[in-house]
Every structure is written in C-alpha cells, then in structure tokens.
Protein chains: 2
Amino acid sequence: MELDKTDRKLLRLIQSDASTSVADLAEQCALSKSACWRRIQKLEAEGVIRQRVTLLDPAKLNLGLTVWISIRTNQHNADWAKKFNQVVQNVPGVLEVYRLGGQIDYLMKAVVADMHDYDSLYQQLIAADLFDVTASFVMEEIKFTSALPV
Amino acid sequence: MELDKTDRKLLRLIQSDASTSVADLAEQCALSKSACWRRIQKLEAEGVIRQRVTLLDPAKLNLGLTVWISIRTNQHNADWAKKFNQVVQNVPGVLEVYRLGGQIDYLMKAVVADMHDYDSLYQQLIAADLFDVTASFVMEEIKFTSALPV
DNA sequence: CTATATAAAAGAATAATATTCCACTTATTG
DNA sequence: CAATAAGTGGAATATTATTCTTTTATATAG
C-alpha cells in the first residue's frame with residue numbers, strides 16, 4: 001500500500017474535481033486508460049479514497065451564517081457523552097463536531113440562516129446539558145479546501 | 001431560482017454521493033433521465049452546485065493529526081491581512097481559515113503527520129507576525145459531513 | 001546471459017452512462 | 001379559445017467506464 005508519484009498526482013487531481021474522466025486523468029498522469037482505472041480502483045479498495053461528494057453553496061440555500069461553537073462540559077462520563085453524541089448527530093445544521101485536547105472540550109461547526117435560526121439551534125444544544133458554550137460567527141471564509149496535501 | 005421538493009431531494013442525494021448516475025437519481029426522484037439531467041445542469045449554472053470533490057482518508061496519507069488553531073492579532077490593518085492571507089494560502093496542511101467575530105480573530109484547521117510536523121507548520125505561521133496562537137488537537141471526530149441541510 | 005515466470009501495461013471490444021434531439025404535453029397569456 | 005412558451009419523456013447519439021486480450025517489461029533461477 002505504498003503510494004508512488006503517479007498515485008499522488010492522481011489523488012491531487014480527483015481531490016479537486018471528482019468528475020474528471022478516467023481518460024483525462026490517464027493523459028495527465030501519463031498512463032493508459034486501463035492502468036489509470038486500475039489505480040483508482042485500488043485506491044478505493046484500500047480506503048485511501050473515501051467518498052465523492054458534491055459541495056453546495058450555503059448562501060444559495062439560505063444558510064449564510066456559519067458559526068463555530070466552543071463547548072466545555074463538567075460531565076465527563078460515558079452517559080453524558082452518549083447523549084451529547086445523539087443530539088449533535090440529529091441536529092441538522094451541525095456539520096462537524098470534534099472532541100479536543102486542551103481548554104475546550106468540543107468544537108462544533110454549524111450553518112444557519114440567521115441569528116434567530118442560530119438561537120433555535122442553541123436551544124436544541126443546551127438540552128444536552130452543556131457547561132459553557134461560546135459561539136463565534138464567521139465574518140469571512142479565507143481558505144476552504146477539502147484537498148489534503150499529498 | 002426557487003428550489004422545489006424534487007430539487008431538494010436531488011441535492012440531498014448528490015451531496016452524499018457525487019458518483020450516482022443520472023438514471024439512478026432520476027428514478028429516486030421520480031423523474032425521467034432527461035428531466036433529471038436538466039435540473040442538475042440548472043443547479044450547476046445557478047451556482048447551487050459548486051464542485052464535486054473526492055474525499056481522502058487523512059490517516060492513510062500520514063496526516064493523522066488534525067489541529068485547530070485559534071489566532072489573535074494586534075495588527076488590524078490591510079497590509080498585515082494581505083500577508084496573513086498569502087501565508088495561509090501557501091502552507092499545505094492548512095485546509096480552512098476563517099475570520100471570526102468575537103474574542104478570537106481567526107480560526108484555522110490544519111492536518112499534519114505528528115507533533116514534530118505541527119511544530120514546523122507553527123514556525124511557518126508565526127512568520128506572519130501573530131499575536132497569540134493556541135493549538136487544540138483533535139482527539140476524536142464525532143461528526144463530519146459536507147452535506148448541508150436542504 | 002538466457003529462459004521462464006510474474007506482473008503490469010496498452011489497446012481493442014463491450015457495456016454503461018451522459019447528452020442531445022425531437023415529437024408531444026401541459027401551462028400561461030392575451 | 002388560440003397562440004405561445006416552457007417543460008416532458010423517450011429514442012438516438014456521443015461519451016465514458018469497464019472488461020478482456022495481447023503485448024511488453026521485470027525479476028529470478030539456472
């Protein structure tokens with residue numbers, strides 16, 4: 001499962017555009033169509049390639065406000081964690097949740113239409129019994145990519 | 001540019017799998033192939049659909065450590081902002097950067113192999129003259145989706 | 001060094017899918 | 001109601017993915 005230079009090039013290309021044809025990829029990677037195709041299959045089978053997704057414009061869907069929510073809790077037990085998990089998985093608008101090391105216990109990304117919409121999301125969250133919640137609203141998206149450096 | 005129920009269903013489907021065939025999508029949305037295809041084209045033209053990307057597994061690419069970096073600055077001027085922008089755009093491993101309202105000025109997501117790798121990223125960043133930098137390492141990814149609620 | 005085995009490659013053949021085209025239906029407007 | 005526009009489904013065509021076969025390269029034993 002070692003990735004050579006060609007695998008990496010292939011990954012770089014498909015990361016930024018999942019709809020490029022195998023023929024195009026093959027040409028750019030100096031491979032035949034079939035060799036290129038086999039490499040892609042292999043990368044999928046190995047799990048290097050996880051998923052092909054379509055990215056939408058949040059603003060066009062009336063989700064113009066992105067908010068980062070820092071959470072601290074005083075409930076460090078399995079039951080609470082389970083409940084918290086349940087809540088965040090089921091609240092639409094919550095896109096990402098991370099458990100962190102350090103001061104902040106959890107970091108969460110959510111998209112909402114406006115402040116009023118945020119408030120209703122906030123109300124849903126505190127049902128999970130949080131200790132300290134701090135919201136920071138996104139003023140500007142300076143960089144946003146899903147492309148890992150390969 | 002109003003989205004009806006069928007558009008929304010279509011968007012939900014392609015958000016989680018960009019490789020579904022038009023025929024499959026058409027069936028699931030109770031449309032003919034050509035009607036379905038035309039809707040997709042329209043959504044692309046309108047900019048609702050932004051991009052189709054391939055998501056890779058960071059761990060398989062030796063990028064097993066995700067870090068969230070909070071930044072405060074005392075340089076609130078255009079020159080500094082421009083320089084900061086330049087730096088973050090060009091450092092690979094930095095995937096996302098947001099300018100926030102509130103205590104924290106900027107929030108940044110980066111992927112690295114390990115602590116040593118993080119240190120070298122940190123060194124590159126402070127070249128941009130930052131006031132206060134706090135790193136929080138991701139212990140667990142509890143939720144991670146690019147699918148907006150439509 | 002050659003013979004042979006193994007793996008990988010290219011290119012042709014086929015299957016699947018996307019895209020276009022056209023005849024027809026359904027809504028809209030004066 | 002007629003006229004027009006907009007949209008639809010299904011067949012025709014073009015493009016692309018996938019499989020298959022033949023060839024080429026690579027490694028290894030003798």
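No experiment lies behind these values; they were computed from the predicted model shown.
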Spacing of [X] atom [atom1] relative to [N] atom [atom2], expressed in whole Å:
| X | N | atom1 | atom2 | result |
| --- | --- | --- | --- | --- |
| B:Lys42 | D:dT8 | NZ | P | 10 Å |
| B:Leu25 | C:dT17 | CG | C1' | 12 Å |
| B:Ile40 | C:dT17 | CD1 | P | 14 Å |
| A:Glu27 | D:dT15 | CD | P | 16 Å |
| A:Arg52 | D:dT16 | CZ | C1' | 14 Å |

Hey, quick one: are A:Leu107 and A:Tyr122 part of the same hydrophobic cluster, counting side-chain heavy atoms closer than 4.5 Å, chains of contacts allowed?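 Shared cluster, no.
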Is there a path from B:Trp68 to B:Val111 through hydrophobic residues (I, L, V, M, F, W, Y) whose side chains come within less than 4.5 Å of each other?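 No; tracing contacts between hydrophobic side chains, which count when under 4.5 Å, never links both residues.
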Within a radius of less than 6.0 Å around CD of A:Glu27, do more than 12 heavy atoms belonging to other residues, nucleotides or ligands occur?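 No.
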Taking only Lys NZ, Arg NE, NH1 and NH2, and the carboxylate oxygens of Asp or Glu, determine whether B:Arg39 and B:Asp7 approach each other closer than 4.0 Å.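 Salt bridge between B:Arg39 and B:Asp7, a charged N being under 4.0 Å from a carboxylate O: yes.
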Enumerate the side chain to side chain donor-acceptor pair (under 3.5 Å) contacts for residues 105-115 of chain B, please, sequence neighbours excluded, ordered by first and then second residue.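 Non-adjacent pairs meeting side chain to side chain donor-acceptor pair (under 3.5 Å): A:Tyr98-B:Lys109.
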Note, A:Thr134 side chain near A:Ile69 side chain (heavy atom, < 4.5 Å):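 Not touching, per the 4.5 Å side-chain cut-off.
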I'd like a list of close polar pairs between nucleotides 18-21 of chain C and the protein, N/O only, cut-off under 3.5 Å.
unit_1: C:dA18; atom_1: OP1; unit_2: B:Val22; atom_2: N; d: 3.3
unit_1: C:dA18; atom_1: OP2; unit_2: B:Val22; atom_2: N; d: 2.7
unit_1: C:dT19; atom_1: OP2; unit_2: B:Trp37; atom_2: NE1; d: 2.6
unit_1: C:dT19; atom_1: O5'; unit_2: B:Trp37; atom_2: NE1; d: 3.3

